[in-house]
Amino acid sequence: MSLMPKRVKYRKQQRGWLGGIATRGSKLSFGDYGLKSIDRGWLTAIQIEAARVALTRQVKRGGKIWLRVFPDKSYTKKPAETRMGKGKGAPEYYVAVIKPGRILFEMGGIPEQLAKSAMRLCAHKIPFRTKFVKRTGV
C-alpha cells in the first residue's frame, strides 16, 4: 500500500514551479539525526516507501523513524500511443515536491554510526543528492 491522500479537492494538478529553497521542514523537529535534500525534485510515493523500508531493515526495529514528507501532488499521464488532445491524462501516482534544505527522514534512539549507515542506504533510494544531518549538541 503506497502513500496517497485520503481525498483531494481536485484530482488533477498542474506541474507547478520547483524554484526556491525550503523554508518549512528544514530543521530537525523530532529525532536526533536526519536526511536533508540538497537538490530539488519530485519524490514519488514508491520511492518514499522504498527508503522507509531500507531504514527500518537497517535499524532492525530499534529507535524511531519519522517521515517528514508526504506525497500530496497527483502526477497524471496519458496512455501510450494516444493521439494529442482529448484532455489531460488520468492520475498515475502521487509525488512530494522537494526543495533544497528539506528534511526527508528523521531518526532517534540509536547510535550515530548506525543512523549514518541506515541513512546512506536510504539515500540510495532517493533520486537526488542528500546529506546526513544531526542535532547540535548530540
Side-chain angles (χ1 to χ4, degrees):
M1 191 196 108
S2 67
L3 291 171
M4 64 185 287
K6 283 194 182 87
R7 52 192 299 271
V8 289
K9 190 167 185 179
Y10 299 108
R11 270 174 12 107
K12 300 171 182 180
Q13 282 187 23
Q14 291 191 334
R15 297 277 195 249
W17 187 71
L18 272 173
I21 58 167
T23 51
R24 292 160 190 265
S26 58
K27 292 185 174 62
L28 289 173
S29 299
F30 306 101
D32 301 323
Y33 312 105
L35 193 67
K36 187 180 243 190
S37 72
I38 299 172
D39 292 338
R40 64 186 76 246
W42 285 337
L43 199 55
T44 70
I46 296 144
Q47 288 163 348
I48 293 169
E49 181 62 16
R52 187 195 65 79
V53 167
L55 273 181
T56 51
R57 287 240 173 97
Q58 182 69 7
V59 297
K60 297 188 179 72
R61 296 184 301 282
K64 182 143 174 60
I65 294 168
W66 289 270
L67 296 180
R68 294 289 307 275
V69 289
F70 186 80
D72 54 0
K73 182 186 189 71
S74 64
Y75 181 91
T76 64
K77 205 170 181 185
K78 293 182 83 132
E81 298 179 18
T82 306
R83 290 187 179 183
M84 293 283 103
K86 304 269 194 292
K88 191 170 167 80
E92 280 284 304
Y93 50 86
Y94 285 84
V95 298
V97 176
I98 308 296
K99 292 179 178 181
R102 182 69 195 248
I103 300 280
L104 307 173
F105 299 94
E106 287 189 34
M107 297 177 89
I110 57 169
E112 185 179 339
Q113 277 310 111
L114 181 58
K116 222 170 199 165
S117 67
M119 288 294 191
R120 190 180 57 78
L121 283 180
C122 174
H124 286 303
K125 311 290 181 194
I126 293 171
F128 35 79
R129 293 180 306 152
T130 56
K131 73 176 180 180
F132 178 79
V133 290
K134 63 180 181 178
R135 194 181 290 280
T136 50
V138 172

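- Grouping the Ile, Leu, Val, Met, Phe, Trp and Tyr side chains by contacts below 4.5 angstrom, directly or via other members, places Val53 apart from Met4.
- Gln13 CD to Arg15 CZ: the interatomic distance, rounded to the nearest 0.5 Å, is 10.5 Å.
- When every heavy atom of Leu3 is checked against every heavy atom of Ala45, the shortest pair comes out as O-CB, 3.2 Å.
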Determine, stepwise, if the pair Leu43 / Val95 fulfils side-chain contact (heavy atoms from CB on, under 4.5 Å).
CA-CA 5 Å; Leu43 199 55; Val95 298; over 6 Å; no
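- By the 4.5 Å heavy-atom criterion applied to side chains, Val133 and Ile103 are counted as neighbours.
- When every heavy atom of Trp66 is checked against every heavy atom of Gly108, the shortest pair comes out as CZ3-N, 3.8 Å.
- Between Leu121 atom CG and Lys116 atom NZ the span is 14.5 Å, to the nearest 0.5 Å.
- Between the side chains of Glu92 and Thr76, no donor N or O sits under 3.5 Å from an acceptor N or O.
- The backbone N or O of Thr44 lies less than 3.5 Å from a partner atom in the side chain of Gln47, making a donor-acceptor pair.
- Considering CZ of Phe105 and CE of Met107, their distance stands at 10.5 Å, rounded to 0.5 Å.
- The shortest distance between side-chain heavy atoms of Phe128 and Leu104 falls below 4.5 Å.
- Follow the hydrophobic side-chain contacts under 4.5 Å out from Phe132 and you reach Leu67 in the same cluster.
- Taking a 6.0 Å sphere around CG of Leu18, one finds it holds more than 12 heavy atoms contributed by other residues, nucleotides or ligands.
- The minimum heavy-atom distance between Gly87 and Lys78, with the atom names listed, is O-NZ, 2.7 Å.
- By the rule that hydrophobic residues join a cluster once side-chain heavy atoms approach within less than 4.5 Å of another member, Leu55 and Val59 end up as members of one cluster.
- The minimum heavy-atom distance linking Lys12 with Ser74 is given by the pair CA-OG, 3.7 Å.
- Note that OH of Tyr94 and NZ of Lys73 are 12.0 Å apart. Values are rounded to the nearest 0.5 Å.
- Just one residue in the list Lys64, Arg68, Lys27, Arg52 forms a salt bridge (Lys or Arg N to Asp or Glu O under 4.0 Å) with Glu106, and that residue is Arg68.
- Counted within 6.0 Å of NZ on Lys125, heavy atoms from surrounding residues, nucleotides or ligands total 12 or fewer; the atom is thus considered open.
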Decide side-chain contact (heavy atoms from CB on, under 4.5 Å) for Lys134 and Glu112; before the verdict, give the C-alpha distance in whole Å, the side-chain angles of both, and the deciding distance to 0.1 Å.
CA-CA 9 Å; Lys134 63 180 181 178; Glu112 185 179 339; 3.2 Å; yes
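- Atom-to-atom distance recorded for Ser26:OG and Arg24:CZ is 10.5 Å, nearest 0.5 angstrom.
- Put simply, Leu28 and Leu35 are part of two different groups of oily side chains (I, L, V, M, F, W, Y) that touch within less than 4.5 Å, one to the next.
- Residue Lys88 places its NZ atom among more than 12 non-hydrogen atoms of other residues, nucleotides or ligands, all under 6.0 Å distant.
- Listed here is the closest heavy atom pair of Pro100 and Gly20: CD-O, 3.7 Å.
- Atom-to-atom distance recorded for His124:NE2 and Thr130:OG1 is 9.0 Å, nearest 0.5 angstrom.
- Residues Ile98 and Asp39 fail the side-chain proximity criterion, which asks for heavy atoms closer than 4.5 Å.
- Between Tyr33 and Ala115, the shortest heavy-atom distance links the atoms CD1-CB, 3.5 Å.
- Within the 4.5 Å cutoff, the side chain of Pro127 has no heavy atoms near those of the Trp42 side chain.
- Looking only at side-chain heavy atoms (C-beta outward), Pro71 and Ile48 come within less than 4.5 Å of each other.
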